[in-house]
Amino acid sequence: MNISRIATTCVTLAAVTACTSGTPDSTKVDTAGPPAASAVAKTIVNTGTIGMSAKTRWLMSRDRTAFIAVVDPVGVEAEPVPNAFFFGSESQNFQIRVDSVWDVAVSPAWDRIAYSRAFVIRGSESDTSAAPGAWNAAAQLTGIDTATLRTSSFASSGMSYARAVAVPAVVRVGGSESSPSGIPGKLYPIARGWRVRWTSDGRALGLGNNPARAQDDEFS
């Protein structure tokens, strides 16, 4: 999925704003020259799992200098599939794209992005247990012990063995911080965050409990 439609919308809005009003005067000579060409870039938002179908959502800041686009795929029988998002800020000269996300929320001031990193542990078709070392690998990436990860995990498939964990992270707009494992932003060693929401003043972040069913639109 690309964001070319969003970029085109921004260019159209800029063109409308630049228009002038008044009565045409054929005696006036335009010495300003042709208007500067607008640059339109195309970025792939989701490079991860596509799923059976997907929804695209996007939101623009009030000053129209920043926006976020989210691709939300869904699996067979509406099973949860990790999302992906792209954030761009013209005023901060900053952009970031992240895969493997359960949920994402921009702070009220548009200066931070909270998201829940998705970790999925799958078993083989002939074995209902997870692949050897998968829990240990997740523990190394998150800094959370395997016992806590197992206890805090939830079913992400109703057809095969798949356990998932949500771990919150926060990206500072304009910053370049990442976890030691290379995951964007500051990753917190907390196994919770199926849904993430900022408080109205942006001073606290709420982390939702795990879903009760293996459904992509399930509430916390």
Side-chain angles (χ1 to χ4, degrees), residues 1-2 44-58 68-87 96-105 113-171 178-179 181-185 187-197 205-220:
M1 182 66 197
N2 63 67
I44 303 299
V45 177
N46 185 19
T47 62
T49 305
I50 299 176
M52 296 297 293
S53 62
K55 296 179 181 178
T56 302
R57 305 187 303 273
W58 62 277
I68 183 170
V70 181
V71 175
D72 182 6
V74 62
V76 179
E77 296 184 356
E79 293 177 341
V81 175
N83 306 338
F85 73 86
F86 175 88
F87 177 92
I96 187 171
R97 193 201 62 76
V98 183
D99 286 325
S100 302
V101 174
W102 288 127
D103 197 18
V104 60
I113 309 162
Y115 72 93
S116 55
R117 186 75 177 190
F119 295 90
V120 181
I121 310 298
R122 300 186 183 278
S124 63
E125 295 181 359
S126 60
D127 189 355
T128 57
S129 62
W135 287 106
N136 290 332
Q140 292 178 358
L141 290 173
T142 61
I144 305 173
D145 63 89
T146 55
T148 300
L149 288 176
R150 287 177 178 271
T151 302
S152 305
S153 66
F154 56 91
S156 60
S157 174
M159 302 176 64
S160 61
Y161 180 88
R163 303 294 297 181
V165 180
V167 180
V170 174
V171 176
S178 63
S179 68
S181 59
I183 296 175
L187 194 69
Y188 292 87
I190 304 170
R192 180 174 296 181
W194 168 247
R195 295 288 183 257
V196 293
R197 296 291 185 273
L205 180 66
L207 304 176
N209 291 324
N210 292 338
R213 302 178 301 159
Q215 295 288 296
D216 189 74
D217 60 352
E218 185 76 3
F219 293 104
S220 289

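Computation of the quantities below employed the complete heavy-atom set of this structure, encompassing side-chain atoms and omitting hydrogens, waters and symmetry-equivalent molecules. The structure displayed is predicted, hence computed values, not measured ones.
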| Audit row: L207, V196, side chain to side chain contact (heavy atoms under 4.5 Å, CB included) steps and yes/no | CA-CA 5 Å; L207 304 176; V196 293; 3.8 Å; yes

| message | Looking at N136 and T146, would you say the former's side chain and the latter's main chain have a donor-acceptor pair under 3.5 Å? | response | no

| query | What distance separates Y188 OH from T142 OG1, expressed to the nearest 0.5 Å? | reply | 15.0 Å

| In Å and rounded to the nearest 0.5 Å, what is the CH2 to CD1 distance from W58 to I68? | 12.5 Å

| field | Heavy-atom pair of closest approach, residues R197 and L205 | value | O-CD1, 3.4 Å

| query | Minimum heavy-atom separation for V76 to E79, with atom names? | reply | O-CG, 3.0 Å

| task | Please lay out, stage by stage, how V81 and M52 fare under the test side chain to side chain contact (heavy atoms under 4.5 Å, CB included). | result | CA-CA 9 Å; V81 175; M52 296 297 293; over 6 Å; no

| task | Return the orientation label for the F154 and W194 ring planes: parallel under 30°, perpendicular over 60°, tilted otherwise. | result | perpendicular

| request: Can you see which heavy atom on E77 is nearest to which on Q215, and at what distance? | output: O-NE2, 3.3 Å

| request: Check the pair V74 / K55 against side chain to side chain contact (heavy atoms under 4.5 Å, CB included), numbers first and verdict last. | output: CA-CA 8 Å; V74 62; K55 296 179 181 178; over 6 Å; no

| field | Residue pair A155 / A214: nearest heavy atoms and the distance that separates them | value | O-CB, 3.5 Å

| message | Using 0.5 Å steps for rounding, measure from the CD atom of E218 to the CG atom of D216. | response | 10.5 Å

| message | Could you check whether S153 and R163, counting side-chain N and O atoms only, form a donor-acceptor pair closer than 3.5 Å? | response | yes

| task | Decide yes or no on side chain to side chain contact (heavy atoms under 4.5 Å, CB included) for N83 and Y115, but give the supporting numbers first. | result | CA-CA 10 Å; N83 306 338; Y115 72 93; over 6 Å; no

| Side chains of V104 and F87: closer than 4.5 Å at any heavy-atom pair? | no

| query | Hey, are the side chains of R192 and P168 touching, using non-hydrogen atoms and a 4.5 Å cut-off? | reply | no

| remark: Heavy atoms of A84 and V45 approach each other most closely as CB-O, 3.6 Å

| task | Answer yes or no: is there a donor N or O on one side and an acceptor on the other, between the side chain of S116 and the main chain of D103, under 3.5 Å? | result | yes

| query | What is the distance from atom CZ of R117 to atom CG of L187, rounded to the nearest 0.5 Å? | reply | 8.0 Å

| query | Looking only at heavy atoms, which two atoms of V165 and W102 are closest? And how far apart? | reply | O-NE1, 3.3 Å

| query | Atom CG in L149, atom CG in L141: separation rounded to 0.5 Å? | reply | 10.0 Å

